[in-house]
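For reference, the structure discussed in these notes is given below.
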Amino acid sequence: MSRKRKIIGGILLLLFLCIAGVFIYLKAVIPPGEEWLAYNSGKITADIDRQLEDLDIDTLISEKESLVLEKNIDELQQAVGQGKLTYEELAAICLYRIKTLDQSRHGYNSVTEVAADVLEQARACDTARSALLQSGIQFPPSPLFGIPVLLKDNINTADIPTSAGAEAFSTFLPREDAALVRTLREQGAVILGKNNLSEFANYLSSVMPSGYSGKAGQTVNPFGPLKISPSGSSSGSAVSVTANLAPVSFGTETAGSISGPAAANSVVGFKPSRGSISAEGIMPLIQAVDTPGPIAKCVSDASLAYGALSGSYADLSGQEDALNGAVIGLLTYDYNQEDMITQLKTALEHAGAQVKELPGIQDVSVQNIIYLTFRRDFEAYALKYGLPITTLKELIAYNQEDSRRRIRYGQDLLEAADGVEQCDDGPIKGSIQEAQGILDTLFSEHGLDAVVFLNSTASAIVSAAGYPQLTVPLGMDKKGVPQGATFAAEYGRERKLLELGYSFEQNVQGRFRP
């Protein structure tokens with residue numbers, strides 16, 4: 001009997017060891033999932049409470065929140081113009097929603113910082129409005145005047161910390177604003193704060209979940225927290241807009257970092273032609289490719305935000321039928337959901353477009369060669385703007401001192417970049433030229449006004465080429481996951497792209513609220 005028990009015990013022990021071994025193996029090879037992690041909520045909430053303490057916020061929310069939720073920029077400006085809303089009240093409602101929806105327990109965690117002077121900025125806009133009206137000057141002086149905006153946390157602001165999500169730079173104040181921030185301030189926009197991102201624009205760890213940073217923790221998708229990825233590196237920028245925390249935000253894209261989050265969160269994302277909005281003062285991923293762009297609830301808002309920064313405004317009034325007669329190349333890939341491709345094609349045809357269904361084009365990505373230039377670009381930025389850590393090697397060592405917090409998912413990508421002896425632009429320049437050649441041939445051979453694809457499936461090649469792309473909500477799939485239609489056009493054809501996207505939006509009405 002004793003011998004039998006020993007045999008059974010041995011079998012059970014062996015079984016336990018096998019199960020433990022499998023668990024350890026799976027833990028090593030399968031990327032970790034998202035967790036409820038929010039590192040900065042207490043500070044953000046305290047900053048908001050301090051700014052709201054003199055307001056009757058409960059009355060304000062009950063009486064005027066409906067004037068803000070799901071409203072576009074023109075509607076907000078009309079409400080202010082009619083005396084129904086002030087810029088201060090608009091900003092206060094945004095702050096309140098950040099506190100209660102974003103920074104509460106199990107909130108979305110899409111915001112990393114709020115500016116210390118949000119309501120002061122807004123009150124200055126109210127004062128300026130009164131003075132301009134008395135002078136008989138047209139108001140508002142710019143579409144974004146008095147409108148609260150959020151910025152991805154790799155875009156420099158001299159008065160709000162800019163971290164790129166790194167714990168090491170949690171309190172870092174750059175020497176000056178990024179060029180686009182200077183323009184926003186000149187336009188009278190209210191700088192509300194910063195959005196969380198996948199740390200270093202998703203160039204820290206190969207297994208880190210999208211939307212995680214060592215500074216702020218994990219941003220979650222409001223449509224399915226911890227179940228649906230917030231996607232891409234501009235995840236916080238998209239989540240904050242879909243949750244009506246701000247009318248518009250600004251992200252950056254290197255290879256799908258605006259289009260992916262926009263699609264996953266049922267909002268509009270616009271990456272314009274490279275160079276049409278300055279990338280000066282943005283912590284680089286690939287300096288030769290990085291492009292900033294707006295994220296909004298509708299195409300008209302994205303267009304206004306782009307116009308404010310570029311000086312090139314597209315008049316979308318009367319463009320509901322812009323797709324009628326347009327030649328659109330529908331790019332399909334084997335892994336696309338067939339029913340969503342059918343839905344996209346049907347929507348285009350119902351809008352009057354001539355659809356040419358084309359096989360997905362070959363991938364030309366710069367993501368797999370970021371390591372060739374990352375160290376050089378990072379260290380140049382560090383010296384120019386005064387980062388407290390100026391070399392990649394020093395940053396890696398700093399992170400290792402508290403790996404559980406600073407590099408929860410490792411830093412293998414940073415280590416790979418630091419291991420490059422000679423930074424080399426050649427392969428990146430080659431990829432850019434190859435992507436441009438493929439797209440130019442595609443457009444000319446098929447006589448296309450634009451190409452369209454699901455979500456961000458072809459965003460890598462469009463981003464590498466530097467061509468404009470616009471993601472518009474398409475609806476949801478059978479599992480309740482938001483889907484987007486991403487349009488891309490030839491270089492410099494932003495106006496045409498916005499017109500086509502606006503027409504699609506008006507015909508499909510694919511946005512959902514979480």
Shortest non-hydrogen contact from Ala92 toward Leu119: N-CD2, 3.8 Å

Thr45-Gln103 side chain donor-acceptor pair, cut-off 3.5 Å: no

Heavy-atom side-chain contact between Asn156 and Val181 under 4.5 Å: no

Pair Ile277-Thr291, side chain to side chain contact (heavy atoms under 4.5 Å, CB included): steps then yes or no: CA-CA 7 Å; Ile277 297 177; Thr291 303; 5.9 Å; no

Nearest-0.5 Å distance that lies between atom CG in Leu454 and atom OG in Ser259: 12.0 Å

Side-chain donor-acceptor pair present, Asp290, Thr254, cut-off under 3.5 Å: yes

Heavy-atom side-chain contact between Val267 and Arg511 under 4.5 Å: yes

Any donor-acceptor N or O pair under 3.5 Å, side chains Thr471, Thr486: yes

Polar side-chain atom of Ser240 near backbone of Ser237 as donor-acceptor pair, under 3.5 Å: yes

Glu499 vs Tyr502 side-chain heavy atoms within contact, under 4.5 Å: no

side-chain hydrogen bond (donor to acceptor under 3.5 Å, both in side chains) partner of Lys152, chosen from Ser257, Ser235, Ser249, Ser234: Ser234

Interatomic distance, Leu151 atom CG to Leu180 atom CG [nearest 0.5 angstrom]: 6.5 Å

Under 3.5 Å: donor-acceptor pair, side chain of Glu494, backbone of Ser273: yes

Scan the side chains in residues 303-313 for donor-acceptor partners under 3.5 Å anywhere in the protein, sequence neighbours excluded, and list what turns up.
{"from": "Ser310", "atom 1": "OG", "to": "Tyr306", "atom 2": "O", "distance (Å)": "2.9"}
{"from": "Ser310", "atom 1": "OG", "to": "Ser312", "atom 2": "N", "distance (Å)": "3.1"}
{"from": "Tyr313", "atom 1": "OH", "to": "Ala308", "atom 2": "N", "distance (Å)": "3.4"}

Main-chain N/O of Ile48 paired with Gln51 side-chain donor or acceptor, under 3.5 Å: no

Side chain proximity check, Leu76 to Pro247, heavy atoms < 4.5 angstrom: yes

Asp159 and Thr157 side chains, donor-acceptor separation under 3.5 Å: no

Audit row: His350, Asn507, side chain to side chain contact (heavy atoms under 4.5 Å, CB included) steps and yes/no: CA-CA 8 Å; His350 281 174; Asn507 280 277; over 6 Å; no

Geometric class of the Phe172/Tyr381 ring pair [parallel <30°, tilted 30-60°, perpendicular >60°]: perpendicular

From CA spacing to verdict: side chain to side chain contact (heavy atoms under 4.5 Å, CB included), Leu204, Leu413: CA-CA 5 Å; Leu204 175 67; Leu413 298 180; 5.7 Å; no

Exercise: identify the closest heavy-atom pair between Ala91 and Val118: CB-CG1, 3.8 Å

Side-chain heavy-atom pair Phe250, Asn195 within 4.5 angstrom cut-off: no

Worked verdict on Ser317 versus Asp315 for side-chain hydrogen bond (donor to acceptor under 3.5 Å, both in side chains): CA-CA 6 Å; Ser317 58; Asp315 183 4; 2.6 Å; yes

Within-4.5 Å side-chain heavy-atom neighbours: Lys64 and Leu85: yes

ring-ring contact (aromatic ring centres under 6.0 Å, His included) between Phe512 and Phe223, intermediate numbers included: CA-CA 9 Å; Phe512 281 79; Phe223 292 93; 7.6 Å; no

Spatial distance of atom CD1 (Ile428) from atom CD1 (Ile369) [nearest 0.5 Å]: 5.0 Å

Test: Glu490 and Lys496 ion pair at under 4.0 Å: no

Minimum side-chain heavy-atom gap Ile93-Ile61 below 4.5 Å: yes

Between Thr112 and Lys194: side-chain donor-acceptor atoms closer than 3.5 Å: no

Check ion pair Glu113-Lys43 (N to O, under 4.0 angstrom): yes

CZ-CD distance between Phe139 and Gln77, expressed to the nearest 0.5 angstrom: 6.5 Å

Gap between atom OH of Tyr203 and atom CG of Leu285 - 0.5 Å precision: 8.0 Å

Cationic N near anionic O, under 4.0 Å, Glu199 to Arg408: no

Euclidean distance, Lys297 NZ relative to Glu70 CD, rounded to 0.5 Å: 6.0 Å

Side-chain donor-acceptor contact under 3.5 Å, Asn154 with Thr252: yes

Heavy-atom check, side chain of Tyr87 versus side chain of Val80, under 4.5 Å: yes

Side chains of Gln343 and Gln483, donor plus acceptor under 3.5 Å: no

Heavy-atom pair with the smallest gap, counting every atom of Ala435 and Ala465: CB-N, 3.7 Å

Closest non-hydrogen atom pair between Ser431 and Val366, with its separation: CB-CG1, 3.9 Å

Single hit among Val355, Leu474, Leu344 for side-chain contact (heavy atoms from CB on, under 4.5 Å) with Val452: Leu344

Test item: side-chain donor near acceptor, Tyr39 and Gln218, under 3.5 Å: no

Gly146 versus Leu90, closest heavy-atom pair with distance: O-CD2, 3.9 Å

Test log, rule side chain to side chain contact (heavy atoms under 4.5 Å, CB included), inputs Glu65 and Arg97: CA-CA 10 Å; Glu65 189 179 36; Arg97 290 182 65 81; 2.7 Å; yes

Distance-only polar pair, side chains of Thr219 and Asn196, donor-acceptor under 3.5 Å: yes

